[in-house]
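Taking it in order: structure first as structure tokens, then the write-up.
A note on names: the letters A, B, ... follow the listed sequences, proteins ahead of strands, and every chain is numbered from 1. For clarity, every value in this text was computed on a predicted model and none was experimentally measured.
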Amino acid sequence: MARVDLQITRRQFLATGLAGTALVGTGMGPGRSNLAMRYPDPPWFASGEVVTTYNYCDMCPWRCGIAVQSVNGQVIKIDGNSPDPKSRGKLCGRGQAGVSFMNDPDRLQSPMIRTGERGEGKFREVTWEEALDYTAEKILAIKDQYGPESLAIFGHTSGDFWFTDYFAQAWGTPNAAKPSSSLCLSPRDEASTLTFGFPVGGHEPLDWDEMECITLIGSHIGEDSRNTVMQDFVEARSRGAQVIVVDPRFSAAAAKADYWLPIKPGTDTALLLAWANVLITEDRFDRDYLDRWATGLDELTAHVQEFTPEWAAGITDLSADQIRTTARVMSDRLPRAVIMPGRHVTWYGNDTQRMRAEFLVNSLLGAYGRHGGMYFNKSPFLEPYPHPPFAVHGSSGGCSAEPGEESAELPLGPTGKARADGARETFLRGPTAMQELIDPMITDDPYRIAGLIVYGVNLLNSIPMPNRTIEALKKLDFVLAVDVLPQEHVAWADVVFPEATYLERYDELSTVAYKTPFIQLREPAVPPMYDTMPGWMMARELGLRVGLDPFFKWETIEEYLNTRLRSVGSNLEKMHDAGGVIIQEGKPYLEDFEADDETPFHTPSGKIELSVAELAEAGLDPIPVYEPTEEPPDGYYRLLYGRAPVHTFAKTQNTPDLSAVYPENELWINEDEATALGYSNGDRVWLENEVGDRTGPISIKATQRIRKDAIFMAHGFGQHAEGLTNANGKGASDTKLMSRYKLDPISGGAGLRVNFVRLVEGG
Amino acid sequence: MASAFLLDMTRCIGCEACVLACKAGNQLPVNTQYIELIEHTSGTFPDLVGGFQNHRCYHCADAACVAVCPTGALFKEDGLTRLNPDACSGCGYCVQACPYGVPKMQNGRSTKCDACASNVSGGGSPWCVTTCPAQALEYGDRDEIIAKANSRVAELKDRYPKVQVYGETQAGGLGLIVVLPDDPAMFDIPTDPQPVPVSVDIWKGVVQPVSMGLTAVAAVGAGVLGVIARRNHLAELKELEAREKAGVPAGGSESTEEEQ
């Protein structure tokens, strides 16, 4: 079996990795002048040569291109990379804190093997050789006993490609999953694929530059800190675009809205159907567009007749007048008017149908492929590294997945087993549903899942029913955790691989489906700190130890990357010199397809399918209907959650600079409700769900900015991990209150807003 | 030539990128920040108006902090209020005097935005301006910034009937020109910032020149004097902080104020 001397590889990294990176200064002049007398210490950029490396940010999944500035071997400042179409020289607060994330003293520093019981968090530090050999031995044993399908691989964040995609497919497990699918955007991408024949894609293709009306349904622009979207939204609005915000909460975006619709949670589909009713019955839709590009208009017309604004008003807590007015505001601006496809859309378990309803309204507005509406995104051309055929076709999806068509057949593993997540039985289609793989770990049904590799997923703070996840962790034969930080679940691992952060490693190229498709480079600014290792190297070293040598023929990551870049006439040096990004031509508008006599819609009919036959055949509604959502019992509130602008998921709460700015979440509760309960601003309370799970304490934020039937908090807090100095025990955890979820029968998404909680004293 | 920031609060969406860019670019200690986003909401559900105050140094022309600073650590340059922390004695008078409550004491020294003096003098922009995704921040010649703010206000009247330029005249003219979507009171900003209190004027006019003179004469002894003065100042500061804690924190009855 081929082996690589890790020490040599790491030295080579130091020698060739950094030297091979052409070093370029920022062009910024030395910062001292007449101020020298009054500012005795030179600023960092005047204290040595400033070296710029290019990267894509890993502080959230949005992947902004960044320029990383280092002086004297220290990374100091990260800026948005100007030529990068996503960042355009700008960067959000989390991206600015990348250096703080890298320098977090709580980082995992050495490979470890468990010595205590699972969950105790007792480990001994070992060499990489021992950690890798031990892991290889364990997963080979699982493969021998149960087959390769019995190893599940969960991955998140931008290095997940190496484990969740590349290693998983080479190894032969269809049970590779990403939380960004079934815990986030599966419903919208399945709805989009059913309606248009393509998923939305990681970067929502809104044609902001010419947009005249934007509608947000539960999208929290600003609070979710998506750099590009903030830029585009603010610019469009300042240009005069009308803004309609549908949200139970007066969000940062709602505060910028021309129309705020404080909808009753769970009733969005009723609003959407009423909007469709107004557009159709008042003949305010783009009939020519639909005649040319859509099927099912007659069915849709008949379908929406009964869904009047008056009907929806009684359901949504909005007035019929509000509903009618906002529909007219949109239609007055069509096709330069769109409802933004949300991102985290796993809300109530009927989410694919809600997203379908959104897309039907967008279709009535004639938005797709039109200037100021939705453009057609395109993936950049870039050949894969040549490798033997994979043992199994990938189906983990995720927000980094490229637009493509789902194969009709579920991929089968080498021993003939399909995914264990119940796909095609409990839900119709879509990528692997992570939360549906937990039960099989406990029940062995449909077959035993005996091992788990967790790459960067905060297991106990992202998957609902964390008590069930712990039960599964207890039963598994083997658990490998790959992470930068000692997150809560790491205490449950048998082996821990400490990863180098994105600032310390080369990585797979990032390919972005966009109006102008582009490729982003990740090159290290500094060598890995401590005894950490890049994910690609771990995957390769493990691969070489389990017989996957043919997939890892490349000796160095530079060789891998240069081979891929050759297909676009570039290489690492050229790409660096070009500013870390390669931009290609897109095909964004309908006229581009008409000129080629093609259709952009890859549905069975080649058109927008307003009514979907596949759904009817499966016994589901071919056109969405409104299904009531369960109401909170007396004394309970619906648990809503979202983002604080300086935090991402359950990942950044420990980052020193970010923790300093927003150390713990707050409980948004309507001021009148808080008063009635005897609470005021700043009071500390605990939260309890219907089955008695508790989390807290959390500070009350008594505010007029939320409805009386719901509470809201930022996700990702309330973690319990002793190794996380800043995050441990801070605030309350929404995940720990999710004792249930509602499975979306179409996409496999986990509807998470179906939990009800009350305020209690003490934990 | 005076320089100034433009802060367009109709664009700010509260993402706090400026806060973190400032911390990173200026290499601030983890517990220090020069910018705070403060949420303001008025009204009753569902009839609400809201926005953010991007709370930071306003760079007053008649800067109360500069007037009271006994050591010259705070000084005016290019229309902006700079701070040389190494010259700060830690007296805390600037904290007391600032009508906006901006300077903070950290580790016995005053700390506040100095408009990225070092970076700007090297040809760059303040870090917050460079990164702002909403492009709510700009930096440049003060006259041009004021002209731009006025033309923005003219464009924004339809959407924001009360929109106004703030900072053209306040405190002798600010180095932070704000496009405010509503009345200053809505953001807890003084319409007419309080002039420097008389007691401070006396202190500045009489006591400071005397002590400065002594310092100049006794070049070696200055260190000793400095230590004594500093000890006194720290004691006063403690008292000040205690008073502040006991008192009612800033915040109007019509608006709720919460740190993000």
CA sep, side-chain torsions, deciding dist, call: R705(A), F45(B), side-chain contact (heavy atoms from CB on, under 4.5 Å) | CA-CA 6 Å; R705(A) 293 176 58 184; F45(B) 181 93; over 6 Å; no
Would you tell me whether T41(B) and Q704(A) have side-chain atoms, one donor and one acceptor, within less than 3.5 Å of each other?
-> no
Output the option from [options] having the highest count of non-hydrogen pairs under 4.5 Å with chain B.
options                   : answer
V99(A), I76(A), D672(A)   : I76(A)
S659(A), G222(A), A644(A) : G222(A)
I706(A), I78(A), N670(A)  : I706(A)

Report the option among C12(B), G51(B), P181(B), P29(B) that has the most heavy-atom pairs separated by less than 4.5 Å from atoms of chain A.
->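 Top count of heavy-atom pairs under 4.5 Å with chain A: C12(B).
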Report the option among G50(B), C15(B), A24(B) that has the most heavy-atom pairs separated by less than 4.5 Å from atoms of chain A.
->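 Maximum pair count with chain A is reached by C15(B).
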So which heavy atom on [X] is nearest to which on [Y], and how close?
X       : Y       : answer
A660(A) : Q33(B)  : O-OE1, 4.3 Å
Q231(A) : P133(B) : CG-O, 3.0 Å
G14(B)  : P645(A) : O-CG, 3.6 Å

Using non-hydrogen atoms only, which part of [X] is less than 4.5 Å away from chain A: side chain, backbone, both, or neither?
X       : answer
V19(B)  : side chain
R152(B) : neither
C18(B)  : neither
V49(B)  : backbone
A87(B)  : neither

For the pair [X] (side chain) and [Y] (backbone), establish whether a donor and an acceptor sit closer than 3.5 Å, ignoring hydrogens and angles.
X       : Y       : result
W260(A) : P46(B)  : no
K77(A)  : W127(B) : no
R237(A) : T10(B)  : yes

Interatomic distance, [X] atom [atom1] to [Y] atom [atom2] [nearest 0.5 angstrom]:
X       : Y       : atom1 : atom2 : value
E16(B)  : Q96(A)  : CD    : CD    : 12.5 Å
Y662(A) : L37(B)  : OH    : CG    : 13.0 Å
R159(B) : K256(A) : CZ    : NZ    : 9.5 Å
C132(B) : L91(A)  : SG    : CG    : 12.0 Å
S100(A) : L20(B)  : OG    : CG    : 8.5 Å

Could you look at D258(A) and say if it's the side chain, the backbone, both or neither that has a heavy atom under 4.5 Å from chain B?
->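 Contact with chain B involves the side chain of D258(A) alone.
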Audit row: I13(B), F233(A), side-chain contact (heavy atoms from CB on, under 4.5 Å) steps and yes/no = CA-CA 10 Å; I13(B) 195 157; F233(A) 172 77; 3.6 Å; yes
Quick check: are there more than 12 heavy atoms from other residues, nucleotides or ligands sitting under 6.0 Å from CD of Q27(B)?
->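 Atom CD in Q27(B) is crowded, with more than 12 foreign heavy atoms closer than 6.0 Å.
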Start with the C-alpha distance between Q135(B) and V234(A), add both sets of side-chain angles, then the distance that settles side-chain contact (heavy atoms from CB on, under 4.5 Å), and finish with yes or no.
-> CA-CA 8 Å; Q135(B) 298 191 57; V234(A) 172; over 6 Å; no
Pairs in or reaching into residues 85-104 of chain A: which pass salt bridge (Lys or Arg N to Asp or Glu O under 4.0 Å), with residues at least two apart or in two chains?
-> R88(A)-D232(A)
Given the rule in the salt bridge (Lys or Arg N to Asp or Glu O under 4.0 Å) test, do E39(B) and K701(A) qualify, once you have shown the distances and angles that lead to the verdict?
-> CA-CA 12 Å; E39(B) 169 201 318; K701(A) 175 187 170 119; 2.7 Å; yes
